[in-house]
Amino acid sequence: MRYWSMCIYPDMRPHPVVENTLPGGNKDWGCRADDATKVSSSGNYTYVIGTEAQRAAIQRIPGVAFLPLSTAQPSARYLLILRNTLVNSSFANSVQNAPSASPAGAALAMGPYYPRASVWALSTLSTKGLAACGVQP
């Protein structure tokens, strides 16, 4: 695979990516490309989603990349989309090889590359780290 990214979108049409204005006027577009994502020596990566008020605490957690909730719509439902492009046709674990357009089909095709999600309290992550939440760093 040549490129991948994880993006977060409020679940409302037309599904705009999160766009937060940061202090100083810069924008945080709710996407993290592969080159902006911490990858462990075993090839795993972990995203932690939170509010702008939680950003600093999340960024202090070793081995994670922060994805922001929208400051304009913090209580909205969200979509997470793992995007990938230019997949080599010989890569057997590509989502393009899924036998059906369902999560189960994608999991079957992607095997160990299929993304997993879980919910943990920020206080647990901050004080005990990823291992306390069953995440392999």
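Being a predicted model, the structure only gives us computed values, none of them experimental. Side-chain atoms are counted along with the backbone in the values below, which use heavy atoms only and exclude waters and symmetry mates.
Minimum interatomic distance between L125 and C133 (heavy atoms only, all atoms of both residues): CD2-SG, 3.6 Å. Residue S94 comes nearest to A109 through the heavy atom pair O-CB, 3.7 Å, listed as atom of the first residue, atom of the second, then distance. Residues G105 and S100 approach most closely at CA-OG, 3.6 Å, considering heavy atoms.
A distance of 9.5 Å separates CG of L80 from SG of C7, quoted to the nearest 0.5 Å. For the atom pair CD1 (I81) and OH (Y9), the distance works out to 4.5 Å, reported to the nearest 0.5 Å.
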Sequence neighbours excluded and cut-off under 3.5 Å, please list the side-chain donor-acceptor pairs for residues 60-75, or say none.
residue, atom, partner, partner atom, Å
S70, OG, A72, N, 3.1
S70, OG, Q73, N, 3.1
T71, OG1, N20, OD1, 3.2

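Both V39 and M6 belong to a common hydrophobic cluster when Ile, Leu, Val, Met, Phe, Trp and Tyr are linked at side-chain heavy-atom distances under 4.5 angstrom. Residues L108 and M110 fall into different hydrophobic clusters, defined by Ile, Leu, Val, Met, Phe, Trp and Tyr side chains chained together at heavy-atom separations under 4.5 Å.
Using a 4.5 Å heavy-atom threshold, the side chains of Y45 and K38 count as separate. Y78 places a side-chain heavy atom less than 4.5 Å from the side chain of V18. Using a 4.5 Å cut-off on side-chain heavy atoms (C-beta onward), P112 and N93 make contact. At least one side-chain heavy atom of D28 sits less than 4.5 Å from a side-chain heavy atom of E52. Side-chain contact between L122 and I58 is present, with at least one heavy-atom pair separated by less than 4.5 Å. I49 has its side chain within reach of I8: a pair of non-hydrogen atoms, C-beta onward, lies under 4.5 Å apart.
With sequence neighbours excluded, the residues that form a salt bridge (Lys or Arg N to Asp or Glu O under 4.0 Å) with R77 are D11. Partners of T21 under the side chain to side chain donor-acceptor pair (under 3.5 Å) rule, at least two apart in sequence or in another chain, are K27.
Using cut-offs of 30° and 60° for the angle between ring planes, the Y113 and F91 rings count as perpendicular.
The backbone N or O of T51 lies less than 3.5 Å from a partner atom in the side chain of Q54, making a donor-acceptor pair.
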Original post:
Run the side-chain contact (heavy atoms from CB on, under 4.5 Å) check on C31 and R83 step by step: do they pass?
Top reply: CA-CA 10 Å; C31 288; R83 305 181 313 167; 4.2 Å; yes
